[in-house]
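Note on naming: letters A, B, ... go to the chains in the order of the sequence lines (proteins, then strands), and numbering restarts at 1 for each one. Keep in mind that the numbers below use all heavy atoms, side chains included, and drop hydrogens, waters and symmetry copies. Fair warning: this is a prediction, and the values are worked out from it, not measured in the lab.
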Amino acid sequence: MAEINTPEEKSLNFLEEIIEEDLKSGKYTSIATRFPPEPNGFLHIGHASSICLNFGLTKKYPGYTNLRFDDTNPETEKTDYVESIKADIQWLGFEWKNELYASDYFDQMYQFAVTLIQKGLAYVDDSTSEEIRAMKGTHTEPGKDSPYRTRSIEENLDLFTRMKNGEFPDGSRTLRAKIDMTHTNMLMRDPILYRIKREHHHRTGDKWCIYPMYDMAHGQSDSIEQITHSICTLEFVPHRELYDWLIDKLGIYPSHQYEFARRNINYTVTSKRKLLQLVEDKFVTGWDDPRMPTISGLRRAGYTPESIREFCDRIGIAKRENMIDVSLLEFCVREHLNKIALRRMVVFDPLKVVITNYPADGTVEMVRSEDNPEDPNTTYREIPFTRELYIEREDFMENPPKKFFRLAPGQMVRLKSAYIIQCDEVIKDSNGNITEIRCSYLPESKSGGDSSGIHVKGTLHWVSVAQAISVELRLYDRLFRVEDPTSEEGDFKDYINPNSLQVISTAFAEPALKNIRFSDRCQFLRKGYFCLDKDTSEDKMVFNRTVTLKDTWAKEQKKGR
RNA sequence: UGCCCAAUAGUAUAAUGGUAGUACAACUGAUUUUGGUUCAGUUAGUCUUGGUUCGAAUCCAGGUUGGGCAACCA
């Protein structure tokens, strides 16, 4: 990526400030961060923000970022998810230093637990989960000590070993930290460190029947990897006290946890649980459905890594609750696509136009049009122009309102890269439906050599009937009809946008579209940005709409109504 | 009636005791062979009450509002 070396005027976010201070004071000479996904779902746009943050920090400052799968709950975790997560991070354009797993450290974590027992800081509790909950107290009442809290170190050591050896049934015993049952921070009221769970682990198989809890695993993994800045979301703030307590009592490398606010985006949801529901209940076709806010969904929709990185960069990071306008994401992708997309003409809803003064002998005239007017070195493609064309049905009105710059009886428009035409006659069927428009063209108005002296306000996209190829279009819109489906009454699924997908099975495209590859991005003139979908087959090309073009005319019409 | 975190235009984010700025959105206008792009402009903000100070978005105190915390989830 060619970064322009302008003087750094952009202000630092609060983490960059902390890091610069740490570097300046000599606390660290380089930093280490990690991205710690749990492999139990697909990555979404919120994760992209965290990825850009963690990897971005070590791109900006000396250091590196590890990818560490937080796989301490074998019940929900799968290798499939590991693969999709890796692919998504790479697609976003980031490289991790080491690919690691919390499960790599199970032996060390077990030793840490033993150490705590030996120091009299952990004990085996025989209480049921109901009993533990009951003794935990509430926000306003202190908890009560478990009757097993005073067991001897020897007994705890023996019991914990036997827990590991599989001598006790699932859920019958836990290892708990011995802290303070009256602590104002509920997490410090003797948190559970280890539980018995006979579950096949995606990496360690059946080696273990006890697994560490998040608090016993995360900070310890950070410490083992000597992570300097462990960045997580705000809901982990109360965990920091326990994070620090464990590192302190264990006397291991002091990683530090910092928290930022997770990013929320309107008109969508970003909770793995809800996303999973949308997939399972078939509201979408899969995790990579282009309407999903997952990285794979955005990728399939045609978003570019550059545009997502730009978006994450623009929204920044902070510690306050937020709801980001999805229009910023759309702005970022339009901004990038405008620079790189190949211009093509596709008619979504055809209306036949016959140029009555054009030769009726089957003449095919090739006109030239730029692939991208934004590119000073643009290439060109040839488009066949003939007597019979299709234009967009919405581009013609028999009784147009004021400011309608398109085709209407007696009105003139330019056909992009071709000629100016004038509408002479409207042909209707017996039901009064318009079936054809008869026009005349101005031969001297050809693009590139226009000597007609006539200026028209409207330019239309078009395709030649005989040479048109038919393609399928999938027009995606936002998944929800309300900004925040989670805060509405009832189930969030009640607020799904019923028109989030419109399929046009036969649209008419200029022949050059045939040569489009999967890596290409297109702008269908006046319609939006599109990319080839994986459902494309030998007989039919399928295109997904990434985003529409800004449409001030549509806005104008809405105001009128 | 606990503990923790936060509060700046509609949205997001700067200003780190000294001119409240930027981007998106919205709205005007100019340019345009895409009603796109580009360009120019407009609207719009420090939660509240006190205090410290020559001076407060910033520091302090009280209040208000929003969020998190009582899974053998992460």
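- Searching all strands for a Watson-Crick or G-U wobble partner of B/G29 with both distances below 3.5 Å returns B/C39.
- Residue-level contact check: A/I317 touches the backbone only, with heavy atoms under 4.0 Å from sugar-phosphate atoms and none from bases.
- Taking the C1' atoms as reference points, B/A20 lies 8 Å from B/U8, given to the whole Å.
- In this structure, A/R151 and A/D126 have side chains that are in contact, with non-hydrogen atoms separated by less than 4.5 Å.
- For the C1' atom pair drawn from B/A15 and B/G2, the interatomic distance equals 36 Å after rounding to whole Å.
- The side chain of A/N73 lies closest to B/C73 when the candidates are B/U34, B/C73, B/C72.
- Rounded to whole Å, atom C1' of B/G35 lies 12 Å from atom NZ of A/K527.
- Nucleic acid contact for A/T128: base, since at least one base atom lies under 4.0 Å from a heavy atom of the residue.
- At the heavy-atom level, A/T138 lies under 4.0 Å from base atoms of the strands shown.
- The CZ atom of A/F405 sits 12 Å away from the P atom of B/U31 (whole-angstrom rounding).
- Note on A/K339: nothing from the nucleic acid sits closer than 4.0 angstrom, heavy atoms only.
- Note on A/S49: nothing from the nucleic acid sits closer than 4.0 angstrom, heavy atoms only.
- The A/R195 side chain lies nearest to B/C72 when the options are B/A12, B/G36, B/C72.
- Ring geometry for A/F530 against A/F524 counts as parallel: the plane angle stays under 30°, on a 0 to 90° scale with 60° as the upper cut.
- A/F404 comes within 4.0 angstrom of a nucleotide base, judged by non-hydrogen atoms across all strands.
- Across the C1' atoms, B/U46 and B/A57 are found 5 Å apart, a figure rounded to whole Å.
- The residue A/E374 sits close to a base: some heavy atom pair falls under 4.0 Å.
- Nucleotide B/G2 forms a Watson-Crick or G-U wobble pair with B/C69, both donor-acceptor distances falling under 3.5 Å.
- Candidate nucleotides B/A74, B/U34, B/C73 were compared by shortest atom distance to the side chain of A/R526, and B/U34 ranks first.
- Nucleotides B/U58 and B/G21, compared at atom C1', are 15 Å apart to the nearest Å.
- One interatomic measurement links the two molecules: CD1 of A/I454 to C1' of B/U33, which rounds to 14 Å at whole-angstrom precision.
- Note on A/S417: a base of the nucleic acid sits closer than 4.0 angstrom, heavy atoms only.
- For B/U34, its base sits under 3.5 Å from the side chain of A/Q523 at one donor and acceptor pair at least.
- Base engagement by A/H239 is indicated by at least one non-hydrogen atom pair under 4.0 Å involving a base atom.
- Of the candidate nucleotides B/U37, B/C72, B/A25, B/U37 has the atom nearest to the side chain of A/N338.
- Between the CZ atom of A/R368 and the C1' atom of B/U33 there is a distance of 14 Å, rounded to whole Å.
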May I have the step-by-step check of ring-ring contact (aromatic ring centres under 6.0 Å, His included) for A/F236 and A/Y243, ending in yes or no? CA-CA 10 Å; A/F236 290 97; A/Y243 182 102; over 10 Å; no
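- Residue A/P212 is tested with A/F112, A/Y110, A/F106, A/Y105 for a side chain to side chain contact (heavy atoms under 4.5 Å, CB included); the sole match is A/F106.
- Residue A/R263 places at least one side-chain N or O closer than 4.0 Å to OP1 or OP2 of B/U13.
- Atom CZ in A/F331 sits roughly 13 Å away from atom C1' in B/A12 (whole-Å rounding).
- Under the Watson-Crick or G-U wobble criterion, with both distances below 3.5 Å, B/A57 is left unpaired in every strand shown.
- Centre separation under 5.5 Å together with a plane angle under 30° does not hold for the ring of A/Y214 and the six-membered base ring of B/A74, so they are not marked as stacked.
- Checked against B/A12, B/U33, B/A25, the side chain of A/R414 finds its nearest nucleotide in B/U33.
- Looking at A/R526 and A/E392, no side-chain N of the basic residue comes within less than 4.0 Å of a carboxylate O on the acidic one, giving no salt bridge.
- Whole-Å rounding puts the A/R478 CZ to B/A25 C1' distance at 11 Å.
- For B/G36, the OP1/OP2 oxygens have a side-chain nitrogen or oxygen of A/T552 closer than 4.0 Å.
- Counting atom types as modelled, A/R314 pairs no side-chain N or O with a base atom of B/U13 as donor and acceptor under 3.5 Å.
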Please write out each protein N/O paired with an N/O of nucleotides 2-7 of chain B under 3.5 Å, distance rounded to 0.1 Å.
from: B/G2; atom 1: N3; to: A/H139; atom 2: O; distance (Å): 3.4

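- Each of A/T204, A/T72, A/D71 was evaluated against A/S103; a single residue qualifies, A/D71, per the side chain to side chain donor-acceptor pair (under 3.5 Å) test.
- Base engagement by A/P373 is indicated by at least one non-hydrogen atom pair under 4.0 Å involving a base atom.
- Note on A/K197: only backbone sugar-phosphate atoms sit closer than 4.0 angstrom, heavy atoms only; bases stay farther off.
- Dashed line: the shortest gap from a side-chain N or O of A/K555 to OP1 or OP2 of B/A26 is under 4.0 Å.
- Nucleotide B/G21 forms a Watson-Crick or G-U wobble pair with B/U13, both donor-acceptor distances falling under 3.5 Å.
- Comparing A/F14 and A/V456 against RNA chain B, the residue whose closest nucleotide sits nearer the 5' end is A/F14.
- Rounded to the nearest Å, the gap between the C1' atom of B/U42 and that of B/A25 is 14 Å.
- The CG atom of A/D325 sits 14 Å away from the C1' atom of B/U13 (whole-angstrom rounding).
- The CG atom of A/L342 sits 18 Å away from the P atom of B/U34 (whole-angstrom rounding).
- Taking for each of A/G171 and A/A554 the nucleotide of RNA chain B with the nearest heavy atom, the 5'-most of the two is the partner of A/A554.
- Between B/A70, B/G36, B/A74, one nucleotide has an atom nearer to the side chain of A/D70 than all others, and that is B/A74.
- Heavy atoms of A/M345 sit nowhere under 4.0 angstrom from any nucleic acid atom.
- The residues A/D104 and A/R68 are annotated as not salt-bridged, no charged nitrogen and carboxylate oxygen being separated by less than 4.0 angstrom.
- Look at the C1' atom in both B/G10 and B/U49: the space between them is 27 Å, to the nearest Å.
- Using bins of under 30°, 30° to 60° and over 60° for the plane-to-plane angle, the ring pair A/Y390/A/F508 lands in the tilted bin.
- Counting only heavy atoms from C-beta on, A/T459 has its side chain closest to B/U33 among B/U33, B/A14, B/A70.
- In this structure, A/F236 reaches the bases: a heavy-atom distance under 4.0 Å links it to at least one base atom across the strands shown.
- Salt bridge absent: A/E483 and A/R478 never bring a charged side-chain N and a carboxylate O closer than 4.0 Å.
- Of the charged side-chain nitrogens involved, at least one lies within less than 4.0 Å of a carboxylate oxygen, so that A/E394 and A/K527 count as a salt-bridged pair.
- Counting any heavy atom pair closer than 4.0 Å across all strands shown, A/G143 reaches no nucleic acid atom.
- Salt bridge present: A/E510 and A/R381 bring a charged side-chain N and a carboxylate O closer than 4.0 Å.
- Using a cutoff of 4.0 Å between basic side-chain nitrogens and carboxylate oxygens, A/R314 and A/E310 are scored as salt-bridged.
- Across all strands shown, B/U64 forms a Watson-Crick or G-U wobble pair with B/A7, both key distances being under 3.5 Å.
- The gap from the C1' atom of B/A26 to that of B/G63 amounts to 35 Å, rounded to the nearest Å.
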